[in-house]
Amino acid sequence: MTADASAIAPENLGTETAPRASKLTRQRVRSAWIFITPMLIMLALVAGYPLISTIYYSFTDRLLIADHNTQFIGFNNYLYYGPNLNNYDEELDGYFVYYEDTDAALVYRDDGVFYDLDTEDPDTGAMDPYAGEIDTADVFEWQGLLVDSLWWRSVWNTLTFSVVSVGLEIVIGLVVALILNANMPGRAVIRAAVLIPWAIPTIVSAQMWSWMLNDQYGVINEILLSWGWIESRLAFTADRFLALPSVIAVDVWKTTPFMALLILAALQLLPGEVYEAAKVDGIHPVKQFFRITLPLIRPALMVAVIFRALDALRIFDLIYVLTSGSRDTMSMSIYARQNLIDFQNVGYGSAISTGLFLIISAFTLIYLMLGRVNFDQER
Amino acid sequence: MSRNARRLLLRIAFYVLVIFIVIYTVFPFYWAINSSLKAGTDLFSAAFLPPSPAWTNYVSVFEDQPFALNILNSVYVSGVTVIISLFLAVTAAYALGRIKFSGRGVLLLVVLSVSMFPQIAVLSGLYEVMRWLGLIQRLESLIISYVIFTLPFTVWILTTFMRELPKELEEAAIVDGASPWQTISRVFLPLLGPALATTGLLAFIAAWNEFLFALTFVGNNNETQTIPVAIANFSGASEFELPWGGIMAASVIVTVPLIVLVLIFQRMIVSGLTAGAVKG
């Protein structure tokens with residue numbers, strides 16, 4: 001858009017004729033807010049409020065069952081030094097602790113005192129404080145998200161997945177887009193073919209590939225065997241080293257069309273004169289690509305990459321179907337849902353969700369600052 | 001090597017690459033169709049054509065599970081989601097695209113940032129909202145929650161379209177004394193037809209494919225499941241053997257309409273996908 005086009009944009013309607021216009025302007029602003037309110041209420045209900053509750057729950061010991069008495073526990077879900085939280089016992093009203101040095105069974109309560117389980121009164125449940133000395137270093141441990149190895153594993157898996165799959169998608173997407181942009185017979189057919197993976201629902205494509213990668217009857221194993229590339233069938237989705245690459249391969253297949261189409265749209269906006277000039281100057285096509293094409297489509301590429309990267313960082317469905325809860329492909333979203341729903345531990349699951357949210361926000365901010373991506377088309 | 005020979009070689013390499021790309025993108029879907037037509041033990045042969053094509057897998061999908069109901073569920077959820085998001089988005093896009101007021105930039109940023117939310121980050125809070133509304137195990141929970149991802153991009157795309165419409169139209173309407181609502185419904189709506197179809201289709205596809213919310217809110221019951229959950233949870237006669245033939249048949253059933261839609265509307269979809277991303 002040119003500069004004078006925005007100067008006569010509708011928002012500047014009637015600014016020349018002062019008194020009537022200001023009334024009109026005020027009316028328009030008022031109706032603008034009326035029109036926006038329903039959307040804002042809806043977004044507050046499905047996005048704003050839930051996000052704030054998730055962050056709040058991450059500071060509590062909330063469980064999924066509704067009648068549980070939720071308590072505020074500060075940063076304990078993130079980092080906590082104390083008795084193993086899994087050993088909490090409702091009946092004992094504290095944490096069961098076994099002290100190896102003196103072979104004593106103890107209960108650690110919120111008042112910070114170790115009680116001797118042997119002295120428990122069978123009727124009242126009352127206990128005496130433990131008489132001996134206790135070295136807390138032996139019974140306390142660091143716990144919480146920040147020292148959770150499975151969480152860090154899921155962060156690592158998700159980042160590896162995102163970087164590799166988005167990287168491959170850019171390269172393959174560029175190749176496909178350049179081909180689609182070339183003049184050749186049957187271009188429409190090829191373009192339609194490329195759209196097919198995009199049109200297939202993720203769950204369906206996950207199941208299709210799951211079947212193709214099947215360790216006994218999968219066609220991929222069959223083909224690789226008949227070509228003599230492998231000697232025995234591979235368990236693509238179960239093998240420690242093959243599971244993540246398999247997930248990446250399926251994701252690349254499914255989402256490269258999106259990337260290719262965005263790049264193609266950018267390519268079609270490029271001015272032809274530049275290439276004619278380059279041709280006249282005898283510049284090699286490869287050099288043309290790196291010196292002219294790539295810089296010119298860079299803005300579109302940057303936007304496409306951030307859309308895909310944000311999608312990749314929250315990957316859930318593909319992994320859920322292909323490899324389910326396996327540690328080798330555990331993503332942050334999978335780990336969060338496992339804790340939230342399967343283990344019914346809303347507090348810890350929310351801490352994981354909040355961690356994911358923070359990582360994605362940080363990534364987005366850094367990317368926008370470094371890449372100077374221009375989302376708003378008005379300058 | 002002569003110039004011509006080199007050119008020919010390059011051309012051949014190019015077409016080999018093209019053929020490879022087409023096979024790469026189409027083969028998995030072909031294999032699903034192929035497998036879905038293999039009955040019984042044929043399924044376990046890697047034949048590239050079904051030796052004796054049969055419909056048994058397709059029949060069993062509807063007989064062994066409430067798959068017809070799952071399809072209806074998905075149609076209902078996606079359809080209503082599209083209607084709600086389009087209604088909210090058109091009015092909001094009119095305000096955001098054509099009226100200048102302070103706070104507009106911030107609002108656009110809020111809308112955009114919602115589209116970047118990881119769904120899992122709102123899951124526990126949303127679960128609470130649904131419990132409070134009494135919608136757990138009900139399809140309406142999905143209609144409400146799907147707005148979180150359909151609304152941002154419908155607003156974004158429609159705002160872009162709204163901005164590009166000539167301002168003379170609106171001026172004429174205002175001079176004629178039309179209210180803002182009349183301006184939207186009588187002047188802009190007819191012009192927005194293609195944009196609405198595009199965004200509506202994209203929202204429909206997004207809702208149709210959604211998995212995480214569906215699994216969490218309505219996943220416990222065969223009868224309330226949407227298609228993606230049903231396909232992910234497909235179970236066969238025995239617990240230990242996945243009914244791959246049935247899964248492939250179900251996959252083909254739900255994918256064929258989508259592919260047809262996408263191929264018919266491919267120009268519109270591409271322009272919709274790129275509207276927010278490439279211009280400017």
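Letters A, B, ... are given to chains in the order of the sequence lines, protein chains preceding strands, and every chain is numbered from 1.
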Inset, instruction - Without swapping roles, check the side chain of A:Gln207 against the backbone of B:Ile231 for a donor-acceptor pair under 3.5 Å. - result: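 It does hold such a pair.
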
Side chains of [X] and [Y], heavy atoms from C-beta outward: is any pair under 4.5 Å?
{"X": "A:Thr25", "Y": "B:Ile99", "value": "no"}
{"X": "B:Ile259", "Y": "A:Ile196", "value": "yes"}
{"X": "B:Gln119", "Y": "A:Arg314", "value": "no"}
{"X": "A:Ile36", "Y": "B:Phe101", "value": "yes"}
{"X": "B:Phe27", "Y": "A:Val219", "value": "yes"}
{"X": "A:Ser353", "Y": "B:Leu123", "value": "no"}
{"X": "A:Tyr217", "Y": "B:Trp244", "value": "no"}
{"X": "A:Tyr49", "Y": "B:Leu126", "value": "no"}

Legend entry - Nearest non-hydrogen partners of B:Val129 and A:Pro50, listed with the distance: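 The answer is CG2-CG, 4.4 Å.
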
Inset, instruction - Considering non-hydrogen atoms only, spot the tightest contact between A:Pro201 and B:Thr255 and give its length. - result: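 That closest heavy-atom pairing would be CD-OG1, 3.9 Å.
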
Considering only heavy atoms and a distance below 4.5 Å, find which of [options] pairs most often with chain B.
{"options": "A:Gly349, A:Ser333, A:Gly355, A:Ala336", "answer": "A:Ser333"}
{"options": "A:Ile52, A:Thr54, A:Thr37, A:Ile360", "answer": "A:Thr54"}
{"options": "A:Pro197, A:Pro257, A:Gly48, A:Ser350", "answer": "A:Pro197"}
{"options": "A:Trp211, A:Tyr320, A:Phe35", "answer": "A:Trp211"}
{"options": "A:Glu222, A:Met208, A:Arg191", "answer": "A:Met208"}
{"options": "A:Ile179, A:Leu40, A:Ile172", "answer": "A:Ile179"}

Can you tell which part of [X] gets under 4.5 Å to a heavy atom of chain B, answering side chain, backbone, both or neither?
{"X": "A:Val252", "result": "both"}
{"X": "A:Val321", "result": "side chain"}
{"X": "A:Val29", "result": "both"}
{"X": "A:Ser210", "result": "both"}
{"X": "A:Val189", "result": "neither"}
{"X": "A:Met39", "result": "both"}
{"X": "A:Ile223", "result": "side chain"}
{"X": "A:Asn221", "result": "neither"}
{"X": "A:Leu45", "result": "both"}
{"X": "A:Tyr56", "result": "neither"}
{"X": "A:Ala182", "result": "side chain"}
{"X": "A:Phe357", "result": "both"}

Non-hydrogen atoms of chain A under 4.5 Å away: do they reach the side chain of [X], the backbone, both or neither?
{"X": "B:Ile247", "value": "side chain"}
{"X": "B:Tyr146", "value": "neither"}
{"X": "B:Ile184", "value": "side chain"}
{"X": "B:Ile144", "value": "both"}
{"X": "B:Ser102", "value": "backbone"}
{"X": "B:Ser145", "value": "backbone"}
{"X": "B:Val229", "value": "neither"}
{"X": "B:Phe14", "value": "side chain"}
{"X": "B:Val90", "value": "neither"}
{"X": "B:Ile205", "value": "side chain"}
{"X": "B:Phe153", "value": "neither"}

Atom pair [atom1] ([X]) and [atom2] ([Y]), whose distance is rounded to the nearest 0.5 Å:
{"X": "A:Arg28", "Y": "B:Thr183", "atom1": "CZ", "atom2": "OG1", "result": "8.0 Å"}
{"X": "A:Tyr57", "Y": "B:Tyr127", "atom1": "OH", "atom2": "OH", "result": "11.5 Å"}
{"X": "A:Ile55", "Y": "B:Ser124", "atom1": "CD1", "atom2": "OG", "result": "10.0 Å"}
{"X": "B:Phe234", "Y": "A:Ile203", "atom1": "CZ", "atom2": "CD1", "result": "13.0 Å"}
{"X": "B:Leu212", "Y": "A:Ile341", "atom1": "CG", "atom2": "CD1", "result": "8.5 Å"}

Inset, instruction - Before giving the answer on side chain to side chain contact (heavy atoms under 4.5 Å, CB included), spell out for A:Val46 and B:Val122 the whole-Å C-alpha distance, their side-chain angles and the decisive distance to 0.1 Å. - result: CA-CA 8 Å; A:Val46 299; B:Val122 295; over 6 Å; no

Inset, instruction - Have a look at A:Leu43 and tell me which of B:Ile148, B:Leu88, B:Leu151, B:Leu107 forms a side-chain contact (heavy atoms from CB on, under 4.5 Å) with it. - result: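 Looking at B:Ile148, B:Leu88, B:Leu151, B:Leu107, the match for A:Leu43 under the side-chain contact (heavy atoms from CB on, under 4.5 Å) is B:Leu151.
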
Could you tell me which of [options] has the largest number of non-hydrogen atom pairs under 4.5 Å with chain A?
{"options": "B:Leu43, B:Val155, B:Leu109", "value": "B:Leu43"}
{"options": "B:Trp181, B:Tyr24, B:Trp208, B:Phe48", "value": "B:Tyr24"}
{"options": "B:Met130, B:Glu210, B:Glu128", "value": "B:Glu128"}
{"options": "B:Leu215, B:Leu96, B:Val111", "value": "B:Leu215"}
{"options": "B:Phe87, B:Phe117, B:Tyr94", "value": "B:Phe117"}

Legend entry - Step-by-step side chain to side chain contact (heavy atoms under 4.5 Å, CB included) determination, B:Leu17 to A:Val175: CA-CA 10 Å; B:Leu17 189 63; A:Val175 172; 4.0 Å; yes

Inset, instruction - Determine, stepwise, if the pair B:Ile21 / A:Val176 fulfils side chain to side chain contact (heavy atoms under 4.5 Å, CB included). - result: CA-CA 8 Å; B:Ile21 288 174; A:Val176 174; 3.9 Å; yes

Inset, instruction - Begin with the C-alpha distance, continue with both residues' side-chain angles, and end with the deciding distance and a verdict on side chain to side chain contact (heavy atoms under 4.5 Å, CB included) for A:Trp198 and B:Val262. - result: CA-CA 9 Å; A:Trp198 182 82; B:Val262 167; 3.9 Å; yes

